[in-house]
Amino acid sequence: GAVVSQHPSRVICKSGTSVKIECRSLDFQATTMFWYRQFPKKSLMLMATSNEGSKATYEQGVEKDKFLINHASLTLSTLTVTSAHPEDSSFYICSARSRDLNAETQYFGPGTRLLVL
Amino acid sequence: GQSLEQPSEVTAVEGAIVQINCTYQTSGFYGLSWYQQHDGGAPTFLSYNALDGLEETGRFSSFLSRSDSYGYLLLQELQMKDSASYFCAAPSEDNFNKFYFGSGTKLNVKP
């Protein structure tokens, strides 16, 4: 099956620093990747849609200068949380849709748990 | 806007059958998906309904009624490992490539 990886799985950082999270599709090419944020016991909130070779599309209320997204290739998207603050602490999950596999399915990465002190 | 509503929590015993409902509001509709998420883990795809009716995949089935803007996930022969959160999800009304998730239902399976 399609595999999506995320790195790191867990990160603790100081307030004011920037954190980069990588999302990779390991065995398929992902034309589109998505970044979600999930608070404990809550649903997944779509933050942005990442398209290879073009600018990301951000959901309403998500600061694009705060959450920088780069989709450099068909297998890699990165999310950088700039000048992180404690309220940015959350579970960040990426997903990918394959160009060739089931178009109705999103394949999720294992998530990155961010804690900002 | 677009919204998908689910019950927050359901409890059932091992071996039983449980139904998790999802009602949605959207001006355009491209189908309903279901995902399972264990605590601390990533969501995994369970099923997708594009048309009305029942889709069966092993112990799990999913149903859709577009006229009622309603769907459900049916879990049969419940096992302890089925304890997880279940989310319905639907593509955005303005972009089929974007998915929005329901509020999620926490399923507790008891011995």
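Chain A is the first sequence line, chain B the second, and so forth, proteins listed ahead of strands; every chain is numbered from 1. All of these numbers come straight from a predicted model, not from anything done at the bench.
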Is there a side-chain contact (heavy atoms from CB on, under 4.5 Å) between B:Phe45 and A:Gln106 once you walk through the steps? CA-CA 7 Å; B:Phe45 173 78; A:Gln106 290 192 28; over 6 Å; no
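At most 12 non-hydrogen atoms from other residues, nucleotides or ligands lie less than 6.0 angstrom from CD of B:Glu77. Counted within 6.0 Å of NZ on A:Lys64, heavy atoms from surrounding residues, nucleotides or ligands total 12 or fewer; the atom is thus considered open. The number of heavy atoms from other shown groups lying within 6.0 Å of CG (B:Asp68) is above 12. Within 6.0 Å of the NE2 atom in B:His38, the count of heavy atoms belonging to other residues, nucleotides or ligands exceeds 12.
Side-chain contact between A:Leu44 and B:Phe87 is present, with heavy atoms from C-beta onward closer than 4.5 Å. At least one side-chain heavy atom of B:Gln37 sits under 4.5 Å from a side-chain heavy atom of A:Ile93.
From B:Tyr100, atom OH reaches atom OH of A:Tyr36 across 9.0 Å, with rounding to the nearest 0.5 Å.
When each of B:Ser103, B:Gly104, B:Ala50 is scored by its heavy-atom pairs under 4.5 Å with chain A, the top score falls to B:Ser103. The most heavy-atom pairs under 4.5 Å with chain A, out of B:Gly31, B:Pro43, B:Ala42, come from B:Pro43. Chain A forms more heavy-atom pairs under 4.5 Å with one residue of B:Ser85, B:Ser8, B:Gly102 than with any other, namely B:Gly102.
The hydrophobic cluster containing A:Ile21 does not contain A:Leu68, counting ILVMFWY residues as joined when their side-chain heavy atoms lie under 4.5 angstrom apart, directly or transitively. Hydrophobic clustering of Ile, Leu, Val, Met, Phe, Trp and Tyr side chains at less than 4.5 Å, counting indirect connections, keeps A:Leu46 apart from A:Phe67. A single hydrophobic cluster is seen to contain both B:Ile17 and B:Tyr72, as judged by linkage of ILVMFWY side chains at heavy-atom distances under 4.5 Å, directly or through other members. At a threshold of 4.5 Å between side-chain heavy atoms, the hydrophobic network of Ile, Leu, Val, Met, Phe, Trp and Tyr places B:Tyr86 and A:Phe91 in one connected group.
Contacts between A:Gln38 and chain B at a heavy-atom distance below 4.5 Å involve the side chain alone, from C-beta outward. Contacts between B:Gln6 and chain A at a heavy-atom distance below 4.5 Å are absent for every atom of the residue. Proximity to chain B (any heavy atom under 4.5 Å) is restricted, for A:Lys42, to the backbone atoms N, CA, C and O.
Ring to ring, A:Phe108 and B:Phe101 are close: their centroids are under 6.0 angstrom apart.
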